[in-house]
Number of protein chains: 2
Amino acid sequence: MRNEITPVRHGTMRARNLAVVLGEISRRQPVSRARLADVTGFTKTTVSSLVAALKAAGLVREDGPVRDGERGRPATAVSVNGDRVAGLGLEVNVDYLAACVLDLGRRIRHRHIVAADNRGRAPERVIGALTDLAERAIAAAGDQGLTVAGAVVALPGTLDRAGGRVRTAPNLGWRDVAAGELLAGGLPTLALPADQDNEANLAALGELWFGHGPELGSYVHVSGEIGVGAGIVVDGRVFRGAHGFAGELGHVVVDPAGPPCACGGRGCLEQVAGQEAILRAAGIPDTVGTSTAGPDGPLAALVALLRDGDGPALAAVRRAGEALGQALSAAVNLFDPDTIVLGGIFSALAPWASPAVEEALGGGTGVVRHAPPRLTVSRLGGDAAALGAAALVVERVMNDPALLMEASAHPHGR
Amino acid sequence: MRNEITPVRHGTMRARNLAVVLGEISRRQPVSRARLADVTGFTKTTVSSLVAALKAAGLVREDGPVRDGERGRPATAVSVNGDRVAGLGLEVNVDYLAACVLDLGRRIRHRHIVAADNRGRAPERVIGALTDLAERAIAAAGDQGLTVAGAVVALPGTLDRAGGRVRTAPNLGWRDVAAGELLAGGLPTLALPADQDNEANLAALGELWFGHGPELGSYVHVSGEIGVGAGIVVDGRVFRGAHGFAGELGHVVVDPAGPPCACGGRGCLEQVAGQEAILRAAGIPDTVGTSTAGPDGPLAALVALLRDGDGPALAAVRRAGEALGQALSAAVNLFDPDTIVLGGIFSALAPWASPAVEEALGGGTGVVRHAPPRLTVSRLGGDAAALGAAALVVERVMNDPALLMEASAHPHGR
DNA sequence: CTCATTTCGTTCAAGCTCTGGACTAATTAA
DNA sequence: TTAATTAGTCCAGAGCTTGAACGAAATGAG
């Protein structure tokens, strides 16, 4: 009943084993070939051969002899070479554009955020500006001797990833935009095909790579912005559902008798816990066109009110927290995550919102689970999705390094 | 960040390619080697070799020459051999035990349901009775020349699958039961290790194999019994979450102000749409100890009332449908399924419950999705989970036929 | 200081599996 | 009867991993 068991040839075998060894090197670096043979189960011969290939491709480096304290011939340590290959992460959001270059050693080599009011701006112009940002990032990478292997773009909307199109991005005012083509037109051709993904998914991935990390376990990352989305990560992988639209937390119904939503439903979470709803309830005008996140933005104004103990603001945020908690408890029952991460605007509002969230989560999970999931707050800034996008490129290389190794040598057709 | 890229050896390659060919045979049978070479991309040589191995293992059969209407040498058709290997599915539920034997050709060869009041009965005794059932099923298989390759047990509770233990099965009154050991003690050793899975997951799988089939796409299968669970299938695979507890629909909160639930929450779905809640609201005594599903059970009584247009019964079921729709709309937003399947008691109640479900689903999915998911009703009877369990065994063989082929020949260590 | 011991990594022949072209087999069309 | 066409097998060859033997580089005992 399952579809996707693909034929394996020698090339495929080699490609996967390269990934196995590269992954183990990354996990344990610096590490000797002997130890790699141990942990992978390969013979020393095979490890040597695989390491040699990775080294030739510049993905791996020999650090020279290292005596491990014991007797015997000292090992030559091998580690991931962070100075040759990098991934480019790009992000389009309502009020900014971001780019970020991440090398294979997981060091951020370049990071650039530009405020920009993209609401209702023509997609061509937005992508044009993004392309500029990307070119500057690629140049910056080049200056450091890095080759950008691929790029991923984070977009705040629903995507047809296979077709490279944005279906709808309500907060940008986009509808059926061929973002992939537009971007491909402006960028140099990279070794890996460019890809797009949802902002919420990538922000979640960013949290895994640059925030709390693997201790998160499986988690739901709430990306509160204008809309409310969630990125769901299970066993280190983003769960996208069958069509890539999973995790639409914003339209989970929290009050069946509530006001109608643009989506056709009633009482969706977004109408209580979306940024605009919160601001409205707190009595702050949502100045469209102003940078939301900036120091003068409405979000800063809200936080100031909260600090001052302003009643309506506190009530609005508490109400949002309750609703968020309710929607998240559904997500907890359905996904069984270890952790919930509050990101986006909720990261700033957490001191006031999270008690209500925690209360809602603490309740309804007793029969099945031993304990409610941990609740944490994102440490990342606004460009979390750009970071996650770059991480996705690096992950892709790590998972199939053969993609970057002379195509002639290993044509493991898929 | 991902963990599980495993080394590939020659044996692994062979094993996976055997699965590729076997899968293609199953999908297209009867089919010639030449066509298999075409669709898999293997050379004719390789296909012949793989088919020969499968044939030697009794998994595949040659049907003799077949002229395909065109000119040229006629092909020899190959198809899955349904007469040698079978899977055993077992099910423990509150008021019955079930067993089912499914051959590799997906034909049900044996099916047996026994009414039994398992509430509060000692786990040893229940498993003992199940073992009897299993032995009879294995004997019945043997009489038909079938070898049972493996078994899967469906249990109504939360499981630690790796450890072979039942954590809690509230409706059975079980707590931390080593079901795996108990069963292994009573059964002959099979080629594949026995396994357990949640009743809801397996019922969902049963629907895919013996109900509506692949046209379901990705779907959420609601298993309404005493509790309310959901099996989630994405791309033909059961989604279990990180710990196997995903899909706990019954404890999604549908009314934060509702009555407290045993799980610690308030207003869980189960308190409105669980069997006991519905019966109570409809004014029917839930006679504990009586077979629920039988012709004299309370469920039959409820359906009779509904047929007669009884006011409280109609209201109770309608209310359950509303609540179920609300919880499902959360699942729809979070999982993005193509279809919702109503199973278990909801299958019988569907004529009265589904309008409310449909209404709830029709609303809140407009922005993201083009249309709400299809709503269908399960066609399967009470032993859906036993069928799914047997299907899981067959699926396992199809996905790695090498498991059944002389271990000496292909030790593809994982 | 020398030699046995230990561990690291390479070399080389061998084995497993897929590939590709040649070959045989079985049928239709002319 | 012969040419054309399609199915399946045979066999040499190539890619990748294996395993044993070997050389290299260190430590420790005498």
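Throughout, a chain's letter reflects where its sequence line sits, starting with A, and its residues are numbered from 1. Everything numeric here is computed off the predicted structure, so don't read it as measured data. Side-chain atoms are counted along with the backbone in the values below, which use heavy atoms only and exclude waters and symmetry mates.
- Ring geometry, B:F239 versus A:F239: the interplanar angle falls from 30° to 60°, so the pair is classed tilted.
- Taking the side chain of B:K44 as heavy atoms from C-beta on, and the options C:dT17, D:dA26, D:dT9, the nearest nucleotide is D:dT9.
- Distance CE (B:M405) to C1' (C:dT17): 14 Å, rounded to an integer number of Å.
- Rounded to an integer number of Å, the gap from B:D38 CG to D:dG8 C1' is 14 Å.
- Listed pair B:R9 / D:dT18 meets the phosphate criterion, a side-chain N or O lying under 4.0 Å from OP1 or OP2.
- Residue B:H10 places a side-chain atom within donor-acceptor reach of the base of D:dC16, judged by atom type and a 3.5 Å distance cut-off alone.
- Side-chain atoms of B:P74 lie closest to C:dA26 of the nucleotides C:dA26, C:dC16, C:dG9.
- The shortest distance between side-chain heavy atoms of B:H212 and B:Y219 does not fall below 4.5 Å.
- When heavy atoms are screened at a 4.0 angstrom cut-off, A:T76 is found touching the sugar-phosphate backbone but no base atom.
- Listed candidates were C:dC16, C:dG21, D:dA20. Nearest to the side chain of B:T45 is C:dG21.
- Here D:dG28 presents its P atom at 7 Å from CZ of A:R71, a figure rounded to the nearest Å.
- Note on B:T46: every side-chain N or O is 4.0 Å or more away from OP1 and OP2 of C:dC18.
- Between the B:N81 side chain and the B:R61 main chain, no donor and acceptor come within less than 3.5 Å of each other.
- For the pair B:L146 and B:R109, the minimum side-chain heavy-atom distance is below 4.5 Å.
- In this structure, the nucleotide among C:dT19, D:dG15, D:dG19 sitting nearest to the side chain of B:F42 is C:dT19.
- Within 6.0 Å of CD on A:E181 lie no more than 12 heavy atoms contributed by other residues, nucleotides or ligands.
- Phosphate contact (OP1/OP2 of D:dC16, side-chain N/O of A:N17, threshold under 4.0 Å): absent.
- Side-chain N/O atoms of B:S48 include one lying less than 4.0 angstrom from OP1 or OP2 on D:dT9.
- Candidate nucleotides D:dG8, C:dT11, C:dG9 were compared by shortest atom distance to the side chain of B:R73, and D:dG8 ranks first.
- Nucleotide D:dA7 holds its P atom 10 Å from the CZ atom of B:R35, rounded to whole Å.
- In this structure, the nucleotide among C:dC8, C:dT27, C:dC18 sitting nearest to the side chain of A:A75 is C:dC8.
- Atom C1' of nucleotide D:dG15 and atom CE of B:M13 are separated by 8 Å, given to the nearest angstrom.
- Atom pair A:K55:NZ and C:dG9:C1' shows a separation of 12 Å (rounding to whole Å applied).
- Of the candidate nucleotides D:dG8, C:dT6, C:dC8, C:dC8 has the atom lying nearest to any side-chain atom of A:A34.
- In this structure, B:L50 atom CG and D:dG8 atom C1' are separated by 14 Å, rounded to whole Å.
- In this model, the phosphate group of C:dC18 is approached by a side-chain N or O of B:R14 to a distance below 4.0 Å at OP1 or OP2.
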